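Structure, as structure tokens:
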Amino acid sequence: MIRHVVTELDAGRGGQIVTPNVDILRRTRRDRESRAHVELASLIVADGKPLIWASQIAGNPLPARVPGSDLIWSLSAALAEQDRSIYLMGGAPGTPSRAEQVMRSRIPRLRIAGHLSPPFGFDTRPDQLEAACATVVAARPDLVFVGLGFPKQERVIARLRPLLPNSWFLGCGAAIGFVAGTYRRAPLWMQRSGLEWAHRLASEPARLMRRYLVHDLPFALELLAVSARKRLRPRPDPADRFAAGTGVPTVAGPAAASPTGRTTPETGTGIAASTDPLPTLGSVDRLPIQAGEPL
């Protein structure tokens with residue numbers, strides 16, 4: 001994925017990365033705007049162990065978990081090697097400036113075009129939103145990390161993409177705060193075992209308890225159950241479908257076009273529409289990086 005971003009930058013093409021977790025996936029099933037933000041992304045990678053587990057259960061395993069909290073480091077290191085710049089947008093006052101200092105100390109060659117901590121509610125005030133976007137555009141960064149939380153950060157990115165068509169964007173949630181030390185990330189063993197959410201919940205119980213326990217946990221359990229049911233359901237033979245007069249058999253795999261999504265190098269992919277109560281990860285098309293290269 002990093003190689004793809006660098007290649008696209010070299011070709012003068014911009015794009016957007018979205019990293020769905022359980023909460024974002026839940027929102028895409030209930031909110032049309034959230035779904036559109038994901039479908040318009042150039043690259044979609046899974047941030048969240050339950051999504052990886054569901055894809056494995058469904059029989060269409062995703063290659064790896066790719067959190068935005070890791071990408072802020074790996075993408076920045078790759079762009080430093082290319083003498084390209086990044087921009088940090090989001091976080092409480094002082095957070096992006098501290099994150100910039102930390103990143104400069106760890107990646108000395110990294111060019112940071114600037115940072116911005118927009119005022120609370122700026123996205124609902126047209127004058128403040130325009131001013132914030134103008135500040136980012138004036139810096140002309142190659143890659144913008146927007147850490148405002150989903151879907152606010154995707155709304156801002158949607159405004160910025162036409163203004164910076166040759167730049168890449170990543171909605172990175174709390175990643176800027178992790179870099180700055182405002183929030184402490186879960187230990188590596190919790191990240192690998194799928195318990196990072198529990199660490200976040202313990203860190204911010206008042207803000208996250210309802211989201212994680214009331215909304216996301218039941219959704220995750222249902223997602224796993226639906227994925228298992230789809231894996232166990234016998235697949236009809238294409239010949240039987242023709243015999244029954246049901247039409248052309250569906251083409252499976254990443255290159256298949258989804259009912260509402262797209263799979264093209266120009267636009268990326270979308271999440272296929274489904275009449276099932278929940279999607280399985282097998283219904284998510286993935287953008288091939290380059291012909292003959294691994295995702």
Side-chain angles (χ1 to χ4, degrees), residues 18-39 41 43-67 150-151 190-198 200-201 208-263 268-288 294-295:
V18 173
T19 61
N21 55 20
V22 168
D23 189 66
I24 293 176
L25 188 62
R26 175 182 65 83
R27 288 170 182 259
T28 65
R29 297 297 293 178
R30 289 157 173 77
D31 177 56
R32 187 169 296 179
E33 181 202 359
S34 297
R35 186 184 187 90
H37 285 309
V38 174
E39 289 183 335
L43 293 175
I44 303 169
V45 290
D47 179 355
K49 274 290 187 180
L51 274 67
I52 302 299
W53 294 335
S55 71
Q56 293 169 343
I57 292 172
N60 186 19
L62 295 169
R65 177 178 176 235
V66 188
F150 184 92
M190 296 187 79
Q191 298 176 35
R192 291 175 174 172
S193 60
L195 293 174
E196 191 165 8
W197 67 271
R200 290 290 311 279
L201 178 60
L208 297 176
M209 183 173 294
R210 182 173 180 82
R211 180 200 299 180
Y212 283 177
L213 299 184
V214 177
H215 298 303
D216 291 352
L217 182 58
F219 180 87
L221 295 174
E222 189 176 359
L223 175 65
L224 295 173
V226 170
S227 298
R229 187 165 67 246
K230 287 222 172 187
R231 177 69 177 270
L232 295 173
R233 184 184 302 165
R235 297 182 180 180
D237 188 283
D240 295 337
R241 295 187 61 189
F242 277 111
T246 55
V248 179
T250 301
V251 178
S258 64
T260 61
R262 300 158 306 286
T263 308
T269 75
I271 297 179
S274 174
T275 56
D276 294 320
L278 287 171
T280 66
L281 270 292
S283 69
V284 181
D285 292 337
R286 298 190 294 277
L287 176 68
L295 179 68

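The structure displayed is predicted, hence computed values, not measured ones. Starting from 1, each residue takes its place in the sequence as its number.
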Please report the C-alpha distance between Phe219 and Val22 in whole Å, then the side-chain angles of each, then the deciding distance to 0.1 Å, and finally whether the side-chain contact (heavy atoms from CB on, under 4.5 Å) criterion is met.
CA-CA 8 Å; Phe219 180 87; Val22 168; 3.8 Å; yes

Kindly give the heavy-atom pair with the smallest separation between Leu213 and Pro218, and that separation in Å.
O-CD, 3.4 Å

Approximate separation, where rounding is to 0.5 Å, of Arg231 CZ and Asn60 CG:
9.5 Å

Locate the shortest heavy-atom distance separating Leu62 from Ala46; write the atom from each residue and the value.
CD1-CB, 3.7 Å

With a 4.5 Å limit on heavy-atom distance, are the side chains of Asn21 and Ile24 in contact?
yes

Interatomic distance, CG@Leu217 vs CG@Asp23, rounded to 0.5 Å, equals 12.5 Å

Pairs involving residues 50-59, ordered by first then second residue, that meet salt bridge (Lys or Arg N to Asp or Glu O under 4.0 Å) (sequence neighbours left out)
none

Residue set satisfying salt bridge (charged side-chain N to carboxylate O under 4.0 Å, His left out) with Arg65, at least two apart, ordered chain then number -> Asp47, Glu196

CA sep, side-chain torsions, deciding dist, call: Arg35, Arg30, side-chain contact (heavy atoms from CB on, under 4.5 Å)
CA-CA 8 Å; Arg35 186 184 187 90; Arg30 289 157 173 77; over 6 Å; no

All heavy atoms of Leu224 vs all of Ile57, minimum pair found to be CD2-CD1, 3.9 Å

Partner residues of Asp216 under the side chain to side chain donor-acceptor pair (under 3.5 Å) criterion, sequence neighbours left out:
Arg26

